[in-house]
A.B. asks: 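Just passing along the structure, written as C-alpha cells.
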Amino acid sequence: MRIRGSCPNCRSDRLLPGLDTAGNSISGDCAGITRDFFCDRCGFEGLLLSGRLCERCTLADALARLLDDGTGHVALPLQPLVTALLKMDGPKSRLIWLRNPNVVRLLQGLATGTIPLTHEGLHQETPWRTVAHLPDLLMESCVLPRVDRQLMLNQRWLTERLAVIEDPEHRRRLQHFATWHQMRRLWSKAETGPLGRSQTSQAKQEITQAGAFLVWLADRGRTIEDCHKADLDAWHTA
C-alpha cells in the first residue's frame with residue numbers, strides 16, 4: 001500500500017498494490033483488484049484510514065482538532081504550521097508524532113493561549129526532548145523568529161538548571177549572571193554565525209561552577225558580598 005511507481009503493464013504512474021506472476025509490483029486494475037484506494041476527500045490513491053481518508057487528509061483533520069482556538073477554527077498564528085506540516089513528505093510520521101500526549105498538550109496550549117507562542121514560553125515546558133522539536137517546526141514555518149539552535153538549547157538547559165537550585169538567593173544571582181553576562185555574550189556571537197557546541201558547553205560549565213562556588217561560600221558562612229581574596233585562594237587551591 002506504500003509502493004508507487006510506473007506499472008510495467010499499463011504504464012500508468014500510480015499506487016502499485018498488486019503483483020504479477022514474476023513478482024513485479026503492478027496497479028490494482030492490472031492485478032484484478034476490484035477495491036479502489038482513492039481518498040473520498042482529495043482523490044489521492046493510497047492507504048486509506050478511517051472514513052476512507054488518506055493519511056494526509058487524516059493529518060489535516062487531526063491538526064484542525066488540536067489547534068482549534070475555541071472558535072471551531074485553527075488559531076490564526078498557527079495556520080502556517082498546519083500548511084508546513086501538510087506539505088511535508090511522510091504524513092504517517094506526523095500522525096505517529098501526534099499520538100504523543102505531550103505533543104497534544106503543547107499544541108492545544110499554543111492554540112488556546114495557555115502556553116505563550118514565544119521561544120521563552122516554550123522554554124518553560126517539559127519534557128525538553130519533546131519541546132525541542134516544536135520550536136524547529138515553528139521556525140521553519142515562520143511562526144516564530146529564527147534563533148540559533150545551540151542558543152535555544154542552552155536557554156532550555158539554563159531554565160531546568162535554575163529550577164533545581166533550592167536557595168532563592170543563589171538562584172537569583174545565577175539568573176542575573178546568565179542573563180547579563182553569558183546570554184549577552186552568546187547572543188552577540190550568534191549574530192555573526194552559528195554557535196558551536198563548545199561555546200554553550202563552556203557557558204554551562206561556568207554556571208555549574210558558579211553555583212558550586214556560592215554553595216561553598218555558604219558552607220564557610222559567607223556570601224558573595226563579604227567574600228575576600230583569601231576565600232578565592234582557598235577555592236582555587238581546593
Side-chain angles (χ1 to χ4, degrees), residues 2 4 39-51 53-160 179 183 186-197 199-200 203:
R2 298 189 184 280
R4 304 186 67 83
C39 174
D40 281 357
R41 180 181 299 170
C42 70
F44 178 79
E45 187 183 23
L47 178 67
L48 298 181
L49 303 179
S50 178
L53 296 180
C54 67
E55 291 175 316
R56 202 170 300 277
C57 287
T58 301
L59 175 61
D61 287 352
L63 291 172
R65 289 192 302 270
L66 291 175
L67 298 177
D68 184 350
D69 60 3
T71 66
H73 300 89
V74 172
L76 187 61
L78 293 171
Q79 287 180 357
L81 174 64
V82 174
T83 300
L85 289 173
L86 292 177
K87 286 183 177 179
M88 291 180 180
D89 293 332
K92 177 185 177 182
S93 64
R94 300 301 166 191
L95 287 169
I96 294 173
W97 179 61
L98 292 180
R99 294 176 190 168
N100 185 327
N102 285 310
V103 172
V104 171
R105 177 182 60 81
L106 290 168
L107 292 178
Q108 290 178 332
L110 291 173
T112 58
T114 56
I115 298 176
L117 186 54
T118 62
H119 287 292
E120 292 73 18
L122 288 170
H123 289 159
Q124 306 304 316
E125 297 299 319
T126 56
W128 73 267
R129 291 186 184 277
T130 302
V131 177
H133 180 55
L134 194 50
D136 288 342
L137 292 174
L138 292 169
M139 287 189 292
E140 288 173 9
S141 56
C142 299
V143 174
L144 287 182
R146 288 203 170 271
V147 175
D148 184 276
R149 179 169 178 77
Q150 290 300 323
L151 185 63
M152 187 168 57
L153 292 175
N154 183 73
Q155 288 178 307
R156 156 65 56 179
W157 177 88
L158 179 63
T159 298
E160 295 183 349
T179 301
M183 295 310 297
L186 290 174
W187 274 103
S188 179
K189 289 183 178 179
E191 290 177 354
T192 63
L195 294 177
R197 187 173 298 179
Q199 292 169 299
T200 53

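Any value given below was found using the heavy atoms of this structure, including those in side chains, with hydrogens, waters and symmetry copies removed. Here the structure is a predicted model, which is why all the values come from computation and not from measurement.
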A.B. asks: So Cys39 and Leu48, do their side chains get closer than 4.5 Å, heavy atoms only?
C.D. replies: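 They are in side-chain contact.
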
A.B. asks: Enumerate the residue pairs fulfilling ring-ring contact (aromatic ring centres under 6.0 Å, His included) with a member in residues 59-95, sequence neighbours excluded, ordered by first and then second residue.
C.D. replies: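 Residue pairs with at least one partner in residues 59-95: there are none.
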
A.B. asks: Measure the shortest side-chain to side-chain distance between Trp187 and Val147 over non-hydrogen atoms and say whether it is less than 4.5 angstrom.
C.D. replies: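 SC-SC contact between Trp187 and Val147 confirmed.
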
A.B. asks: Pairs in or reaching into residues 135-155: which pass salt bridge (Lys or Arg N to Asp or Glu O under 4.0 Å), with residues at least two apart or in two chains?
C.D. replies: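 Listed by first then second residue: Asp136-Arg149.
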
A.B. asks: So Gln155 and Leu122, do their side chains get closer than 4.5 Å, heavy atoms only?
C.D. replies: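 Side-chain contact under 4.5 Å: no.
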
A.B. asks: Among residues at least two apart in sequence or on other chains, which ones pass side chain to side chain donor-acceptor pair (under 3.5 Å) with Thr179?
C.D. replies: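 Side chain to side chain donor-acceptor pair (under 3.5 Å) list for Thr179, sorted by chain: Gln175.
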
A.B. asks: Please list, chain by chain and in numerical order, all residues satisfying side chain to side chain donor-acceptor pair (under 3.5 Å) with Glu45, sequence neighbours excluded.
C.D. replies: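 For Glu45, the residues satisfying side chain to side chain donor-acceptor pair (under 3.5 Å) (neighbours in sequence not counted) are Arg14.
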
A.B. asks: Which heavy atom of His123 sits nearest to which heavy atom of Thr159, and what is that distance?
C.D. replies: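 Taking His123 first and Thr159 second, the nearest heavy atoms are O-CG2, 3.7 Å.
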
A.B. asks: Looking only at non-hydrogen atoms, find the nearest pair between Gly70 and Asp68 and report the distance.
C.D. replies: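 Heavy atoms of Gly70 and Asp68 come nearest at N-OD1, 2.8 Å.
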
A.B. asks: Name all residues meeting the side chain to side chain contact (heavy atoms under 4.5 Å, CB included) criterion together with Ala84; count only those two or more places apart in sequence or in a different chain, and write none if there are none.
C.D. replies: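 Once residues adjacent in sequence are excluded, the partners of Ala84 under the side chain to side chain contact (heavy atoms under 4.5 Å, CB included) criterion are Ser141.
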
A.B. asks: What pairs meet the side-chain hydrogen bond (donor to acceptor under 3.5 Å, both in side chains) rule with one or both residues in residues 53-67, with sequence neighbours excluded?
C.D. replies: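 Those involving residues 53-67 are Arg2-Glu55, Arg41-Asp61.
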
A.B. asks: Within the structure provided, determine whether Leu86 and Leu63 are in side-chain contact (heavy-atom separation under 4.5 Å).
C.D. replies: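 Yes - at least one pair of side-chain heavy atoms lies under 4.5 Å apart.
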
A.B. asks: Under the side chain to side chain contact (heavy atoms under 4.5 Å, CB included) test, which residues partner Cys142, sequence neighbours left out?
C.D. replies: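 Cys142: no side chain to side chain contact (heavy atoms under 4.5 Å, CB included) contacts found.
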
A.B. asks: According to side chain to side chain contact (heavy atoms under 4.5 Å, CB included), who are the partners of Leu76, at least two apart in sequence or on a separate chain?
C.D. replies: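 Partners of Leu76 under the side chain to side chain contact (heavy atoms under 4.5 Å, CB included) test: Gln79.
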
A.B. asks: Would you please name every residue forming a ring pair (Phe, Tyr, Trp, His ring centres under 6.0 Å) with Trp97, sequence neighbours left out?
C.D. replies: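 By the ring pair (Phe, Tyr, Trp, His ring centres under 6.0 Å) rule, Trp97 matches His133.
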
A.B. asks: Give me each pair satisfying salt bridge (Lys or Arg N to Asp or Glu O under 4.0 Å) with a member in residues 102-122, each pair once, sequence neighbours excluded.
C.D. replies: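 Qualifying pairs: Arg105-Glu125.
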
A.B. asks: Which residues pass the side chain to side chain donor-acceptor pair (under 3.5 Å) test with Asn102, sequence neighbours left out?
C.D. replies: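 Testing Asn102 for side chain to side chain donor-acceptor pair (under 3.5 Å), a comparison that skips the adjacent residues, returns none.
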
A.B. asks: Kindly write out the residues that satisfy side chain to side chain donor-acceptor pair (under 3.5 Å) with Thr71, not counting sequence neighbours, or none if the list is empty.
C.D. replies: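 Residues passing side chain to side chain donor-acceptor pair (under 3.5 Å) with Thr71: Asp69.
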
